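One structure is given below, encoded as structure tokens.
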Protein chains: 8
Amino acid sequence: MAALSTRTRAIAGSLTGLAILTGATGIAAAQAAPARTTAVSTPPAVVQTGALSADAALKIADAVRKEAAKQGQRVTVVIVDRSGATRLVLKGDGAGPQTEESARRKAFTAVSFGKATSELAKGVSGDGPTIADIPGTLFLGGGVPVTSGGAPIAGVGVGGAPGGDIDEAIAQAGLKAVAGQLG
Amino acid sequence: MAALSTRTRAIAGSLTGLAILTGATGIAAAQAAPARTTAVSTPPAVVQTGALSADAALKIADAVRKEAAKQGQRVTVVIVDRSGATRLVLKGDGAGPQTEESARRKAFTAVSFGKATSELAKGVSGDGPTIADIPGTLFLGGGVPVTSGGAPIAGVGVGGAPGGDIDEAIAQAGLKAVAGQLG
Amino acid sequence: MAALSTRTRAIAGSLTGLAILTGATGIAAAQAAPARTTAVSTPPAVVQTGALSADAALKIADAVRKEAAKQGQRVTVVIVDRSGATRLVLKGDGAGPQTEESARRKAFTAVSFGKATSELAKGVSGDGPTIADIPGTLFLGGGVPVTSGGAPIAGVGVGGAPGGDIDEAIAQAGLKAVAGQLG
Amino acid sequence: MAALSTRTRAIAGSLTGLAILTGATGIAAAQAAPARTTAVSTPPAVVQTGALSADAALKIADAVRKEAAKQGQRVTVVIVDRSGATRLVLKGDGAGPQTEESARRKAFTAVSFGKATSELAKGVSGDGPTIADIPGTLFLGGGVPVTSGGAPIAGVGVGGAPGGDIDEAIAQAGLKAVAGQLG
Amino acid sequence: MAALSTRTRAIAGSLTGLAILTGATGIAAAQAAPARTTAVSTPPAVVQTGALSADAALKIADAVRKEAAKQGQRVTVVIVDRSGATRLVLKGDGAGPQTEESARRKAFTAVSFGKATSELAKGVSGDGPTIADIPGTLFLGGGVPVTSGGAPIAGVGVGGAPGGDIDEAIAQAGLKAVAGQLG
Amino acid sequence: MAALSTRTRAIAGSLTGLAILTGATGIAAAQAAPARTTAVSTPPAVVQTGALSADAALKIADAVRKEAAKQGQRVTVVIVDRSGATRLVLKGDGAGPQTEESARRKAFTAVSFGKATSELAKGVSGDGPTIADIPGTLFLGGGVPVTSGGAPIAGVGVGGAPGGDIDEAIAQAGLKAVAGQLG
Amino acid sequence: MAALSTRTRAIAGSLTGLAILTGATGIAAAQAAPARTTAVSTPPAVVQTGALSADAALKIADAVRKEAAKQGQRVTVVIVDRSGATRLVLKGDGAGPQTEESARRKAFTAVSFGKATSELAKGVSGDGPTIADIPGTLFLGGGVPVTSGGAPIAGVGVGGAPGGDIDEAIAQAGLKAVAGQLG
Amino acid sequence: MAALSTRTRAIAGSLTGLAILTGATGIAAAQAAPARTTAVSTPPAVVQTGALSADAALKIADAVRKEAAKQGQRVTVVIVDRSGATRLVLKGDGAGPQTEESARRKAFTAVSFGKATSELAKGVSGDGPTIADIPGTLFLGGGVPVTSGGAPIAGVGVGGAPGGDIDEAIAQAGLKAVAGQLG
């Protein structure tokens, strides 16, 4: 394996015992789950980040659309990747003008902290500053993280239903469409 | 067909060859009023959305201006359509610099949730996140939805009076100018 | 029919021979095609605007994705409605960071002027100001209008291929997915 | 005093005890027309600026709407005051999504330089920097200044017709609605 | 006087007993002080708005700078006119990076509502939406309105001292520099 | 010393007894520490502001990176100078998309008020407006000022750990890397 | 290998013949280099994207700083990843205020198109629209892509030298610091 | 001198032969004038940057105002420091709405490149990308740098006259007010 480049070797190594793979998935681990400290002498110049494929994004969007129709809700779904960049937006028929941005922020919040926004919302209360003051976030129900290898690789946000619990149920229906395919 | 509302009748008429329009009425329905679930085998490629005409917008603006003058208030009125796009802005003589954006956000909020902002404000309180955290919204009195066929097609926002109740009364006077013409 | 509201009458009229429906679709007609002047004594308070359904948008996105894969291109597709609001965004696997905004602007330009951006680009040249100075526009190939009843109701923009002609071919493949369903 | 313009006479009357107002007329003069230098020993603390009234703005908008309908064009009209703040926006039925910003910039440009944008455009050409590089401006036909006492107090911008000359003709029709009432 | 244009008459009338001048100043009156309703048959096409002169702005800035130096504070002063447009900004030596925007918003708030921000702050509390949600505002002490003829024509905002009361005292010292010259 | 320019003289003077040096450092002193009032007859035209060097910024970033790795945290560090301008940004491997802006705002807040954000947060509570309403600020732990001569010359912000106390500890580890070199 | 998850298998598979690895690196391939079309029956739900590590980014920044010092230039270096998100910013001592944004856009452009901006600039000329109209881009010398596996994973932009060729030489010196470590 | 802190020593050293002072002024030297390379073993952690004092800024603004009045021009003057942050804005009586931003950009351009914008404009022409594409810049006459010790420490921009040469003459008149006081 001497001829392999540093990078190839790292991936090869990941097969011997998932050592680097562990590191790789850890890279994108959520804030709430501290990375295992590793004693790598020389850090790699290239790190691998998992991202939801466009195909998977479309599957989620389609499932969201169907579940929303079933529940008689008009919603928008937004999917962002771990860097916060847009992966998908689908504004449902008749969804309100506020839904694109609310869905986006829920997705952003979920992928940022690696938890559902409904769960995160419990910690956002009381007098004084909270993480809800961080720009780009929204702590209403309807945002769920997409995890792969234990780390958040995307966020799915749904907005438009009269309650965050409904938005979240619809988002979860979306996730189901790719369940078991995320590693 | 006598029992049908005027609007339903019209659409019923259109049904003879335009099934798609049935969906159309639900399309713009407010968040608070879930759409009736329908068992359409193939969704239509084109949906129809109602929008306030420019003529109606001008009538509302003129009525707002007159009512504000009558009440001795200096206000700005903004009308946005269901997509959130501007339909009309009229800054009254002597209205403050904050009135354009406050009126716009009230209009946006009213058309987003399909209710008057004064009514919506009642649900925005307490510790923790609320829908008031959604970008573009403002939950002060003075924003009213324009409904057609039971669904919000526009929002009218008024800002500048010393109290939200006055702003709302002026906005309502604006709506009166097109009452009975919205279906 | 004397008892019908103005609006009901308009829609009723549309059934007799699509007279008003014609007017309605004309409402969204492109800039390049002046609306037929009509001698309506009282303008209606509500106008109907066609919009691409979410279902059709997904079909276009899926067709774009498949065509791009077939051509070995990594692209982003954006669909905006006639108000300029986002209907759909799908960033392809490996598409560059510039593709979301370039696709969006192509879509915006196509729906604004009712023509393909490649065609519009021919008129944007020479010394001095042009319509390319209008904010939000981009006159590179890859933007095509979606027309219904002769009027643009949406714009589809594709960005990411090494040439605008390739982007446009991919966008056209997307349109094919809903051909014959747009009225 | 018969030879004085009506406006000059009115100001002359005010001069009996309000010398400041003399300066006032010059205050809003366009860039192209240098103010008369005055030898005022102590500059006034308050200067008066003329602004188009909301009533006049509505009259212009209504005239624009009618002329556009007559010409079969779908346009948006924007009026801004001398500070650049919005006075009025009216988006016509079926006007494209690009029209609000193009109309606004034309209005801004006209009130900034005190001339019609079509006239200004003649000076914006050639290699190298021009005033068209100044943020907020747009040098396409359709923007006309509203002058009072020889100075620009507002700008009217129209966008949406297939040519700047048509936009300008429509804007001029708007101005006619308040001709003779501006002093 | 029958031959005079509408506008000329209005100004002429202002000389006889300040009737219209009263109206004129009333135009810019604060939200908290409702305009007197007037029974003008035809509204004028041009309204006059008072604005702080550049000379007066410089005098205020200089006085602010001196008072701040005397009190050993490092502050920024911003003056905006009734349309919200910038009239003056002066960042003091060593003033923090947050001071420009905080001073601007205090000035904006004061001219919007016609009262000192410290006074306005008393009404901004409690659970639920308040006027502090209006974009561009800041309800910390340090913003004071400049009034002329009983109406706010500008706002002066000071930011940078460790307390809003100090900022306000410095702003008031600025106002003193033009006291008695505002009409 | 007669041949020295005004500016050179000022610096020379600073050596004789640190008189100007005192003034110079005082220039950038935090809000909480009022500047000593000085009786300088003619204020200097040029004032000197200390700024963290790029070399020092890199040292801090490297130390932050190492400490974060040691603690198993994925964070972003941002350093801004006293004018609020960016000096350095380093997004750690796997840091969430929200970390750049949260780190930036913590840095901005720390250099604005000259104290750690954790300390400042104690004063941001209760009903009504607070300094947390000032744009650009964030009062979560993780922002620390860099002081030189008793005045804040930069802010270091860290974001991404599950708690502000951890972020702050990591930021402090960064500061240690330049301890004793700041004067 | 049956026990491996889909995702693990994909990576494992990449070792047997680099089939998926080829696909993986291809994912981020530049626009100019079309992806090889693959006949994968079911697209993966998770795709891997390479990113420059924070450690490598710091090494590049340090090398840029040293080369700039050697050449006597004051520059800013910005590194963005393939999603366009910031990886690193380092503003050099005395670098002008325009350098952060110019460096950022050069980096963005280089990673978007997978080539050095100096090379890309050759194609941006002539009358009419060009890719230089795409938002976020800048086609001045000084931006270079970081490639791994033949695909761009980051862009390095340098701004501040009096010529783009100097900026580029400095950027290249930065790249040298990680040469041979990128795979 | 052993007891002096590192920072104090650097300044002290600057007196013995201006070695560090040279370095200090060089820090802010314009792009066009490459810094002298120095063989400093350990770079300092704190660098000193000169900035125009608020007092000097006011003097410039006052001189600009007077010269503009003398020439019968209505202009806005903006002064920014070397970081691009605002030092002063003064909008002249009757200056157009475009003048604040045009003046700001001229000032920004002048301090960025260390030359008058009229001089810089000569190099901005021809086909293809130029430095005029850098965000925040404007290459119209009226921007002049303020230099101290041979380096630009601020930019003064004037906008509003009918020609860039007039704007520049007015800006130069402003600079004269502090001539000989800048070191």
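Quick note on labels: first sequence line is chain A, next is B, and so on, each numbered from 1. Computed from a predicted structure; not experimentally measured.
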Item to complete: Measure the shortest side-chain to side-chain distance between H:Ser112 and G:Pro97 over non-hydrogen atoms and say whether it is less than 4.5 angstrom.
Response: yes
Worksheet item: For H:Phe113 and G:Gln98, which heavy atoms make the closest approach, and how far apart are they?
Response: CE2-NE2, 3.8 Å
Worksheet entry | Heavy-atom closest pair, residues H:Asp127 and G:Ser125 | OD2-CB, 3.5 Å
Discussion item. I need the minimum non-hydrogen distance between G:Leu140 and H:Ile131, along with the two atoms involved.
Written reply: CD1-CA, 4.0 Å
Worksheet entry | Contacting region of H:Thr130 [heavy-atom separation from chain G under 4.5 Å] | backbone
Worksheet entry | Contact summary for G:Ala95 and H:Arg82, nearest pair of heavy atoms | C-NH2, 3.7 Å
